[in-house]
Amino acid sequence: MASQEIDVFAVCHADAIERGGAKGFSLSRIDDSGESRLFPIVVVRTFGNDYIGYVNRCPHDGVWLNIGSGEFFSPDRSFLRCGRHGASFEIDSGFCIDGPCNGKALEPIALAVIGGDVCLCGVKLVEDRRLPDPFEDSDETMDIMIHPD
Ligand code: FES
């Protein structure tokens, strides 16, 4: 939507994520130089019904948190966790409290629930559904959504 100064993009229906769950989305954004860049995100719905979003990229080695295992959480679900090397992140702050990126944090993204949809705010996304998806077939745990209806 371009009618406001802030870009708002509906990522998914709010109920598409269960309480205590998370979903990954593979998006593309326009950077400052006008180039399109991959923009993987993870949206967490807490048990308290808050929606929290991060760029789905570990600050240590840059991989998706859910790569390999498909899981975003530690086994007891109290932390987000890198499935490859085990870094643990606080869900509400993204701060890494254990693992190779101890002391760093996931990059937060601004979310808002508007009209029953979880919306990403303030990011210019590529909204052309004809774009080839670079993540196609690379990880079936990611939801691919370039331009939701
Ligand atoms: S990439 Fe950083 S802990 Fe896995």
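First listed ligand is number 1; within each ligand, the first listed atom is number 1.
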| Val63 neighbourhood, listing ligand 1 atoms whose heavy-atom distance to it stays under 4.0 Å | 1 (S)
| Element-labelled atoms of ligand 1 that are located less than 4.0 Å from some non-hydrogen atom of Asp61 | 1 (S), 2 (Fe)
| remark: Looking at His85, the N/O/S atom that lies nearest to atom 4 (Fe) of ligand 1 is called ND1
| Sub-4.0 Å atoms of ligand 1 with respect to non-hydrogen atoms of Cys82 | 1 (S), 3 (S), 4 (Fe)
| task | Report the part of Ala87 (side chain from C-beta onward, or backbone N, CA, C, O) that has a heavy atom under 4.0 Å from ligand 1; answer both or neither where that applies. | result | both
| Pro100 near ligand 1, heavy-atom distance under 4.0 Å? | yes
| message | To make sure I understand the geometry: which N, O or S atom in His60 is closest to atom 2 (Fe) of ligand 1? | response | ND1
| field | N, O or S atom of Cys58 closer to atom 2 (Fe) of ligand 1 than 2.8 Å | value | yes
| query | Would you call Leu65 and Leu106 a side-chain contact if the rule is heavy atoms closer than 4.5 Å? | reply | yes
| query | Do Ile97 and Val44 belong to the same hydrophobic cluster, where Ile, Leu, Val, Met, Phe, Trp and Tyr are linked whenever their side-chain heavy atoms lie under 4.5 Å apart, directly or via other members? | reply | no
| field | Cation-aromatic face contact Arg29/Phe39, 6.0 Å, 45 degrees | value | yes
| Lys/Arg N to Asp/Glu carboxylate O, Asp32 vs Lys124, below 4.0 Å | no
| said: Quick one, Ile30 and Leu125 - any side-chain contact, counting heavy atoms below 4.5 Å? | reply: no
| Residue pair Asn56 / Asn66, side-chain heavy-atom distance below 4.5 Å | yes
| From CA spacing to verdict: salt bridge (Lys or Arg N to Asp or Glu O under 4.0 Å), Asp98, Arg81 | CA-CA 9 Å; Asp98 189 28; Arg81 197 171 78 156; over 6 Å; no
| said: If I take every N, O or S atom of Cys101, is at least one of them less than 2.8 Å from atom 4 (Fe) of ligand 1? | reply: no
